[in-house]
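Hydrogens, waters and symmetry mates play no part in the numbers below; they use all other heavy atoms, side chains included. As the structure lists them, so they are numbered: ligands from 1, and atoms in each ligand from 1. These figures come from a predicted structure and were not determined experimentally. Starting from 1, each residue takes its place in the sequence as its number.
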Amino acid sequence: MFSHLQQPPADPILGLSVKFKADNNPHKIDLSAGIYKDGAGITPVLACVKTAEKFRLENEASKAYLGSAGSAVFNERIAALILGDHQVIRQDRIRTISTPGGTGALRIAAELINKTKPGATIWVSNPTWANHQGVFKAAGLTVKTYPYYDYENNGLDFTAMLEALKQVSKDDAVLLHACCHNPSGMDLNPQQWQQVAELSKEIGFMPVIDIAYQGFGQGLDIDAYGLRLMADTVEQMLICSSCSKNFGLYRDRIGACSIIGKTASSTAIISAVMITVVRVNYSMPPAHGAAIVETILGSQELTQQWYIELKEMRDRIGDMRTLLVDKLVEHGVNRDFSFITRQNGMFSFLGIDADQIQRLQAEFGIYVVGSSRISLASIAITNVDYLTQSIAKVLK
Ligand code: LMR
């Protein structure tokens with residue numbers, strides 16, 4: 001059966017983490033995967049999560065199945081977190097299901113689209129998260145790209161993006177990053193969101209919004225601004241969200257897939273079809289992460305504590321953006337890296353070439369994704385000098 005299989009190439013992101021672990025360099029720095037680390041290089045379990053876990057341990061009364069949609073309480077609270085007090089909730093035009101992480105949500109969204117229209121096209125930004133294309137193709141979709149990042153000016157190429165989206169057909173889906181664009185850190189501003197939302201309404205293409213970093217950009221509500229505007233404007237959309245980053249629940253695999261439909265009754269039908277997609281995939285989502293999140297969001301005290309902890313993570317990354325740029329100047333780099341302070345979330349491109357990326361890894365034990373994407377969340381006061389001195393050396 002398997003004798004013809006060949007070794008597949010390493011994953012462009014997770015493969016680097018494996019290499020990093022095996023590296024003996026005592027100064028090594030892993031700037032690859034988007035995992036938050038504190039100033040001491042630890043990915044902490046949030047204190048609000050610890051409290052919620054303790055509560056669940058003491059109070060969980062049953063391990064019986066929850067069903068393919070997962071916990072109804074989690075689903076309701078996550079919809080409110082993403083959308084706020086939005087009309088689609090009041091109009092009963094949204095259904096949310098719990099999924100195994102944000103990737104699980106993307107896969108279910110893709111399979112739902114493919115079940116509705118086999119081989120349908122989904123447009124993704126160029127560049128996008130290294131796993132998007134793989135997930136969508138595995139579900140049977142056709143993937144096309146629209147221009148997004150302007151590598152020369154380290155900004156958004158909005159004119160080209162809009163021109164490309166004007167060519168999208170009404171039967172297509174378009175993937176948009178709600179905030180903290182992965183990998184570029186470059187987000188749409190409110191006017192640009194408005195234009196994309198109007199275009200979506202005019203043409204009729206369906207937005208699929210990936211919101212994996214809510215709270216890591218400017219704040220929970222601001223980060224959802226574009227998504228909420230889109231929900232104000234279009235009749236149908238899909239939202240794939242993740243609790244991996246903002247609740248620090250990476251390995252617990254908890255995310256959500258939400259469908260917004262034209263009417264309450266059509267939404268109920270789409271959601272029932274989505275459930276059939278889940279049933280033949282993994283039958284039901286894991287419950288633990290959802291239980292933690294619903295406990296936090298159901299308690300005013302724990303929610304307040306979560307806001308504080310989330311802000312601490314967001315602010316630390318923002319501080320590291322500024323520090324990185326300052327330290328590059330201090331160590332004699334005369335290329336302008338100030339764009340890094342104007343981008344959001346965990347990632348930015350360094351804009352260095354493949355040789356320089358390879359030298360950082362081989363000579364300095366610094367692991368950067370092949371696109372030159374770095375995770376700012378791995379930078380700390382303790383490693384920033386070594387990092388920026390190393391970058392200065394490879395740029396010479
Ligand atoms: C990333 O982009 O680094 C994270 O989302 C981790 C992953 O699964 O790739």
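In terms of protein heavy atoms, atom 5 (O) of ligand 1 is closest to Lys245 NZ, 3.1 Å. Of the protein's heavy atoms, Trp129 CZ2, 3.5 Å lies nearest to atom 8 (O) of ligand 1.
Taking every non-hydrogen atom of Tyr213 and a distance limit under 4.0 Å, the qualifying atoms of ligand 1 come out as 4 (C), 5 (O). Atoms of ligand 1 lying under 4.0 Å from any heavy atom of Ala33, numbered from 1 in the order shown and given with element: 3 (O).
Atom NZ of Lys117 is surrounded by more than 12 heavy atoms from other residues, nucleotides or ligands within 6.0 Å.
A donor-acceptor pair under 3.5 Å is absent between the side-chain atoms of Ser299 and the main chain of Thr295, judged by distance alone. Side-chain atoms of Arg107 do not come within 3.5 Å of backbone N or O of Val135 as any donor-acceptor pair.
Under the 4.5 Å side-chain criterion, counting only non-hydrogen atoms from C-beta, Phe347 is in contact with Tyr213.
Distances from atom 3 (O) of ligand 1 to the heavy atoms of Gly34, Ser17, Ser375, Gly101 show the closest one on Gly34.
Not a single heavy atom of Asn131 sits closer than 4.0 Å to an atom of ligand 1. Ligand 1 has no atom lying under 4.0 Å from any heavy atom of Met346.
Counting heavy atoms closer than 4.0 Å to ligand 1, residue Thr103 contributes nothing at all. No part of His132 comes within 4.0 Å of ligand 1, judged by heavy-atom distances.
Taking the six-membered ring for Trp, Tyr148 and His181 have ring centres closer than 6.0 Å.
Among all heavy-atom pairs drawn from Met346 and Ile35, the shortest one is SD-N, 3.8 Å.
For the residue pair Asp210 / His132, a side-chain donor-acceptor distance below 3.5 Å is found, with atom types taken as modelled.
Looking at ligand 1, you'll find an N or O of Arg373 within less than 3.5 Å of one of its N or O atoms.
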